There are 2 protein chains.
Amino acid sequence: MTERSPNPSTSDPGLLAAELRVAVMRTSRRLRAEAATGELSPGRYSVLAGLLASPQTVGQLAAREQIQAPSMTRIVNDLAAVGFISRGENPQDKRQVLVSITDQGSAALMRARSMRTAWLAQRVAALTPQDRATLHQAALILQEMSA
Amino acid sequence: MTERSPNPSTSDPGLLAAELRVAVMRTSRRLRAEAATGELSPGRYSVLAGLLASPQTVGQLAAREQIQAPSMTRIVNDLAAVGFISRGENPQDKRQVLVSITDQGSAALMRARSMRTAWLAQRVAALTPQDRATLHQAALILQEMSA
DNA sequence: TCTAGATCGTTAGCATTGCTAAGTAAATGT
DNA sequence: ACATTTACTTAGCAATGCTAACGATCTAGA
């Protein structure tokens, strides 16, 4: 690897967008399929991981995950039902629900992390350092673009 | 952009994998939401585009899209129902179904292309040439990794 | 040859995960 | 104080993936 096509699509945003879209969609399907074994689905995992740093409101979580509030409510319900998160109040604004990760949730997150990234980590490990650097940069760019 | 963090995760495959997974999943959700307006869903679009070059069997299409055969059967059914593809036989192996794109399908594909990539192309166009080059490389790497 | 097993596609049914519409409770502004 | 806005929830729906089980066809071995 590392040696790839020179520059066919870099100049045409439309062409690059098409190429990127296909790559992202196919990879996401693969990731979803590969992760189906664990106790935490990709979405749940991502939400839980987002709570490690600090508690968040349902709205904040929804915005971060690029989904609508009702979808996040369901995820929060499910995670609460198995004891991985807890709901708290914000005294300043009682409409809000402050979602926090529980110890049980942290444990599940750690347990899931190795399994969840196993497939991808394996592939990533097989790449050249240059390709890894490229993917790292790409991940940052994608995050910024979809934010 | 272009100036980003030096090298935190490039050395640790697990860290990079985690970062990449989140970026890919979030972007795919955004893409799906953004594309929901068109007449062709992301999956249908991708399948149709794959038939431009040459007819393919259901199995080949499923493998390429990283889904199981029954899922592809449904997509093929739907696309055939609206006249975008046609089924043909392989005389050498009558178990197989050779799927071809129709003129109507090509037209729909072209029509959808601009709409479908509009959001992403806009973001891509706003990037620096370096960032575009990075994404192009990343797309190729991702394709290889999930193949 | 002819029979056993593998392969390709389909059908049927289900789970996950996203959405919109509509409702309740709390905050805000006139 | 009343109307509007905001945050979350509830209810129900649509899209899209899956596995299990089946028919048809091909392939290989006794």
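All values below were derived from every heavy atom in this structure, side-chain atoms included, with hydrogens, water molecules and symmetry-related copies excluded. Keep in mind the model is a prediction, meaning the values are calculated, not measured. Letters A, B, ... are given to chains in the order of the sequence lines, protein chains preceding strands, and every chain is numbered from 1.
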With the sugar-phosphate defined as primed atoms, P, OP1 and OP2, and the base as all remaining atoms, what B/S/- string results for nucleotides 22-30 of chain C, 5' to 3', for protein heavy atoms under 4.0 Å? ----BS---
For A:R26, enumerate each residue passing the salt bridge (Lys or Arg N to Asp or Glu O under 4.0 Å) test, keeping only those at least two apart in sequence or located in another chain. B:E65
How long is the straight-line distance from CG of B:L142 back to CZ of A:R30, given to the nearest 0.5 Å? 12.5 Å
Roughly how many Å is it from CZ in A:R74 to P in D:dT9, rounded to a whole number? 13 Å
Choosing from D:dC18, D:dC8, C:dT10, which nucleotide comes nearest the side chain of A:R87? D:dC8
Value in whole Å for how far the P atom of D:dT10 lies from CD1 of A:I75: 15 Å
For the side chain of A:E144 and the backbone of A:I141, is there at least one donor-acceptor N/O pair under 3.5 Å apart? no
Roughly how many Å is it from CG in A:N77 to P in C:dT16, rounded to a whole number? 15 Å
If you count the non-hydrogen atoms of other residues, nucleotides and ligands that lie under 6.0 Å from CD in B:Q143, is the total more than 12? yes
Using a cut-off of strictly less than 4.0 Å, decide whether A:S71 has a side-chain nitrogen or oxygen near OP1 or OP2 of C:dT17. no
Quick note, A:R29 side chain, CB onward, closest among D:dT10, C:dT10, D:dG17 is D:dG17
Can you check the A:Q60 CD to D:dT6 C1' distance for me, whole Å? 14 Å
Could I get the full list of side chain to side chain donor-acceptor pair (under 3.5 Å) partners for B:R74, not counting sequence neighbours? none
Atom CG of A:D78 and atom P of D:dT10 are separated, to the nearest Å, by 12 Å
Please confirm whether the shortest side-chain N or O distance from B:T57 to OP1 or OP2 of C:dC8 is below 4.0 Å. no
Do the side-chain N or O atoms of B:R44 get closer than 4.0 angstrom to the phosphate oxygens (OP1, OP2) of D:dT16? yes
Integer-rounded Å distance: D:dT6 C1' and A:Q96 CD: 9 Å
Among D:dC18, D:dC8, D:dT16, the one nearest A:V97 by side-chain distance: D:dC8
Check this one for me: any side-chain N or O of A:T73 less than 4.0 Å away from OP1 or OP2 of D:dC8? no
If you measure only the distance, is there a donor-acceptor pair under 3.5 Å linking the side chains of A:R29 and B:Q66? no
B:L98 CG - C:dC8 P separation (whole Å): 13 Å
In whole Å, I'd like the distance from the CE atom of A:M25 to the C1' atom of D:dA15. 12 Å
Do the non-hydrogen side-chain atoms of B:I67 and B:I75 ever get within less than 4.5 Å of each other? yes
